[in-house]
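Each remark here refers to the structure printed beneath this line.
Lettering of chains follows the sequences in order, A, B, ..., and the numbering in each one begins at 1.
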Number of protein chains: 4
Amino acid sequence: MELRNKIMDAAEQVILTSGLSKTTTKEIARIAGCSEGSLYNHFKSKEDLFLQVMKKHLEGFLAVLFKLNGNRGKRTVKENLHEVARAALDYFLLSIFLTSSLFTEPSFLARHREGFQERNEGPHRANEIVSGYIRAEQKLGRVNDDANPRSAADLLLGACFQHAFHVQFIGEDEAEEARNLFVDQLLSTMMKGLAS
Amino acid sequence: MELRNKIMDAAEQVILTSGLSKTTTKEIARIAGCSEGSLYNHFKSKEDLFLQVMKKHLEGFLAVLFKLNGNRGKRTVKENLHEVARAALDYFLLSIFLTSSLFTEPSFLARHREGFQERNEGPHRANEIVSGYIRAEQKLGRVNDDANPRSAADLLLGACFQHAFHVQFIGEDEAEEARNLFVDQLLSTMMKGLAS
Amino acid sequence: MELRNKIMDAAEQVILTSGLSKTTTKEIARIAGCSEGSLYNHFKSKEDLFLQVMKKHLEGFLAVLFKLNGNRGKRTVKENLHEVARAALDYFLLSIFLTSSLFTEPSFLARHREGFQERNEGPHRANEIVSGYIRAEQKLGRVNDDANPRSAADLLLGACFQHAFHVQFIGEDEAEEARNLFVDQLLSTMMKGLAS
Amino acid sequence: MELRNKIMDAAEQVILTSGLSKTTTKEIARIAGCSEGSLYNHFKSKEDLFLQVMKKHLEGFLAVLFKLNGNRGKRTVKENLHEVARAALDYFLLSIFLTSSLFTEPSFLARHREGFQERNEGPHRANEIVSGYIRAEQKLGRVNDDANPRSAADLLLGACFQHAFHVQFIGEDEAEEARNLFVDQLLSTMMKGLAS
DNA sequence: TATGAATGAGTCTTCATTCAT
DNA sequence: GATGAATGAAGACTCATTCAT
């Protein structure tokens, strides 16, 4: 594997196991098995390295999201939403450590806010895509006309986002099955609504 | 005002305007109008100071949550949930900068995880309370029996949590009215459900 | 007991148990059961406090030394030297922590060097007194004329001084009996000499 | 010269001229002509740096001590002891500033006590070696059988130890000749003994 | 006399980044 | 491209001392 990839993997690993504040260039280099200087042969700065890692995480998630559009009208709505919610949950669990740095360093956020938005890579992008899917299903008559598609997307993804947060807070890994159940109950409740 | 409170306010202000990584003891002292040394007459450490600020934020939110139980069966369910969702949104907007530090410094998280849970101050506490409220309303016949109370709570609070995250990401203040609308649409969609 | 004495005792206790670098005004006040401010009602400075403690230690030792002159010609020379060597050993064990500060802070030493010498309180004072005693015994014919009295004093007190150092280094208390034996062997060897 | 050595020399110089409490990382760096940060590229901590300096001092002294064993039965006993006593005196004069820190910071002592003893580098090591030499000479009939070898070693080295202490206390350099005389008188008195 | 909050200078250490080899 | 020593700015925290009450 090329050193560039080794470094990205090392950064990811250190962030996930030791937290951002312990993710020093020295530690990344140690895990990547190279010198600190080498980091700067492949990335402009530590910030740049983090940006690339974030982008890599996001890409995996977006791939699932784009598949969603192709599934309009196919399978059940619940099945389609289940798939995307599970992908979202996994992504949030992975990305929350890096994402939180956005608020730890607003200067970082300020520097890249524009870039994120220009390239439509902002965090709300996912909600927009899911919202678009739900609106499409509404037009196909497979979703209640009274529902607000964006609200529906916010409810589903928001619940996953916060759940990821809680899981990482607890610090114990959750079984695959538990995650499926969580999403399933979410969707069941969403589909039926609260009104008596 | 006593210096202790001045320091807490200064810390809060610096965190919200400059971000955690710029929230140095020197800057806090400058804003509080005292010496750095004074910080340590009132707080054991910077970490302790942050903990107190977090606690203060949480208390305001919990006060609203406890009121919720008193409203069982009163007003409409939607009205009750609206009130709590708005409080949650405000709390999340305020606390997200500090909360994100939990993931930046897992050692901090590890040190206080137990304490949070023992005192039932963990972040999931809110979801539990709302869940309890919804279950109670279910028994009163004011909520659909098919709904999973915990899932309903997770959807509502999760959406608010993520929305707070998005708002802070954008970096522009949202009007009071916009927040009400956001919550209102969330609840409308939740009440009716997606099923066609 | 008066606060002044309580403070001196507290200082002594902290120095002996925690070492000079942990002997802060805060800790002394805590042990003395008073406020930090009170220290300055009784002593000009922390340095002054230490000076008083050193003086107190020294006085106990000097009292034994002065008794030595009265014993000229009485008992055996070895008995007289044994008594003084034991007192020296005890004094060194007690004072070594404070004494070492002389070298940690040469400015302290510089400030008080003159004072020590003017008042004949320098550390060599003890050697002079013992030397004087031995010279007196020489004149009485109770000590070998070939011996150099000052060298004899240096040998005896030096051995005790270094032994105190070693004991504190090891960090384990030595039994009373062991100390007596140490001094006894020292004196036996000194009296007979090494020449074959 | 390599920076590592420059730093060690700088540390030694600052300790000897300004005392331990003024030996800050900033001052060491200034004298070494490098940045404070560089200190940490070569030494784990300030404590580690001091440890290396202490070890360097000790090694020079131990070299002389080991030569002593080779001289058994050669030259006169007094000549052999003179050589080792002079080396001891020089070593004590040099090391007393660092050694005294052992008592200023018992935590330092506690951390390294074991290490010192395991590697037989404790301060009593020298006394043991000299004691061994004297015992050997006893067996060769060149030292009085009645003398206790360990006591003899303690007397000689102890006197040198305390003399170093006194010299540093006075603060004036002693001429080479004066040191030789001091040791010579010590040995003369020791050889003959005090008994009349 | 006793207090204890306030001080501010000073300490060790960390860390992202550079650059000559 | 790879190295790793050198950097220097910055940070959290300590502590003897003061002074108004």
Side-chain angles (χ1 to χ4, degrees), chain A residues 2-4 6-7 21-30 32-50 105, chain B residues 2-4 6-7 20-30 32-50, chain C residues 2-4 6-7 21-30 32-50 105, chain D residues 2-4 6-7 20-30 32-50:
Chain A
E2 291 157 12
L3 187 47
R4 191 191 142 89
K6 266 194 201 163
I7 291 172
S21 79
K22 287 235 169 13
T23 306
T24 63
T25 48
K26 184 184 213 166
E27 182 67 1
I28 295 172
R30 196 180 66 81
C34 68
S35 72
E36 271 186 272
S38 286
L39 266 50
Y40 293 84
N41 290 326
H42 295 276
F43 301 92
K44 239 175 38 211
S45 64
K46 196 190 169 196
E47 184 170 319
D48 179 39
L49 166 56
F50 282 0
E105 298 216 50
Chain B
E2 288 157 13
L3 186 50
R4 190 191 144 89
K6 267 194 202 164
I7 292 172
L20 211 56
S21 80
K22 289 257 177 322
T23 306
T24 63
T25 48
K26 181 185 256 179
E27 182 66 2
I28 296 172
R30 198 180 65 80
C34 68
S35 72
E36 270 187 272
S38 284
L39 266 52
Y40 293 86
N41 287 329
H42 294 277
F43 301 92
K44 244 179 25 219
S45 63
K46 198 188 166 198
E47 181 170 320
D48 179 39
L49 166 56
F50 284 178
Chain C
E2 290 158 13
L3 187 47
R4 190 190 143 90
K6 266 193 200 164
I7 292 172
S21 80
K22 287 234 169 14
T23 306
T24 62
T25 49
K26 185 186 213 164
E27 182 66 2
I28 295 172
R30 197 180 66 81
C34 68
S35 73
E36 273 186 271
S38 286
L39 266 51
Y40 293 84
N41 290 326
H42 295 276
F43 300 92
K44 237 176 40 216
S45 64
K46 196 189 168 197
E47 184 170 318
D48 179 38
L49 166 56
F50 282 0
E105 298 217 51
Chain D
E2 288 157 13
L3 186 50
R4 191 191 144 89
K6 267 193 202 165
I7 292 173
L20 212 57
S21 79
K22 289 255 175 326
T23 306
T24 63
T25 50
K26 181 185 254 178
E27 181 67 1
I28 295 172
R30 196 180 66 81
C34 69
S35 72
E36 271 186 273
S38 284
L39 265 50
Y40 293 84
N41 286 329
H42 295 276
F43 301 92
K44 249 182 19 225
S45 63
K46 196 189 167 196
E47 181 170 320
D48 180 38
L49 166 56
F50 284 177

Worksheet item: For B:Ile28 and F:dA12, what is the distance between atoms CD1 and C1' respectively, to the nearest whole Å?
Response: 11 Å
Worksheet entry | Nearest-nucleotide 5' precedence on DNA chain F, B:Tyr40 against C:Lys26 | B:Tyr40
Item to complete: Return the value, rounded to whole Å, for the distance between atom CD of C:Glu27 and atom P of F:dC15.
Response: 10 Å
Discussion item. Applying a 4.0 Å non-hydrogen cut-off, can you work out what D:Leu3 is touching in the nucleic acid: base, sugar-phosphate, or nothing?
Written reply: sugar-phosphate
Worksheet item: Considering every strand shown, what is the Watson-Crick or G-U wobble mate of E:dA20 when both distances are under 3.5 Å?
Response: F:dT3
Worksheet entry | Comparing B:Lys44 and C:Glu36 on DNA chain F - which has the more 5′ nearest nucleotide | B:Lys44
Item to complete: Scan D:Ser38 against the nucleic acid and name what it touches under 4.0 Å (heavy atoms): base, sugar-phosphate only, or nothing.
Response: base
Item to complete: Quickly work out the D:Arg30 CZ to F:dT7 P distance and round it to whole Å.
Response: 15 Å
Worksheet item: Mapping C:His42 and B:Asn41 onto DNA chain E by nearest heavy atom, which one lands closer to the 5' end?
Response: C:His42
Worksheet item: Just checking D:Thr23: base, sugar-phosphate only, or nothing, at a heavy-atom cut-off of under 4.0 Å?
Response: sugar-phosphate
Practice prompt. Can you tell me the distance, in whole Å, between the CZ atom of C:Arg4 and the C1' atom of E:dT1?
Written response: 15 Å
Worksheet item: Can you name the closest pair of heavy atoms from C:Lys22 and C:Glu27 and give their distance?
Response: O-CB, 4.0 Å
Fill in: Neighbour count above 12 (heavy atom, 6.0 Å) for B:Lys46 NZ
yes
Worksheet item: For C:Lys6 and E:dA2, what is the distance between atoms NZ and C1' respectively, to the nearest whole Å?
Response: 12 Å
Worksheet, complete the sentence: Applying the 3.5 Å cut-off to both distances, the Watson-Crick or G-U partner of E:dT11 turns out to be F:dA12
Worksheet, complete the sentence: By nearest-nucleotide position on DNA chain E, the 5'-leaning member of B:Cys34 and D:Thr24 is B:Cys34
Worksheet item: OP1, OP2 of F:dG4 versus side-chain N and O of A:Ser35: anything below 4.0 Å?
Response: no
Worksheet item: At under 4.0 Å between heavy atoms, what does D:Thr25 touch on the DNA or RNA strands: base, sugar-phosphate, or nothing?
Response: base
Discussion item. What is the separation between atom CG on D:Leu49 and atom C1' on E:dC12, rounded to the nearest whole Å?
Written reply: 13 Å
Practice prompt. Check the distance between F:dA16's P and C:Glu47's CD and give it to me in whole angstrom.
Written response: 12 Å
Practice prompt. Quick one: do B:Leu49 and B:Ile28 satisfy side-chain contact (heavy atoms from CB on, under 4.5 Å)? Show the steps, please.
Written response: CA-CA 11 Å; B:Leu49 166 56; B:Ile28 296 172; 3.9 Å; yes
Worksheet item: What is the distance from atom CD1 of C:Ile7 to atom OG of C:Ser38, rounded to the nearest 0.5 Å?
Response: 6.0 Å
Worksheet item: In whole angstroms, how far is the C1' atom of E:dA2 from the CD1 atom of C:Ile7?
Response: 10 Å
Discussion item. I want to check something: taking the side chain as every heavy atom from C-beta on, are A:Lys6 and A:Leu3 in contact at a cut-off of under 4.5 Å?
Written reply: yes
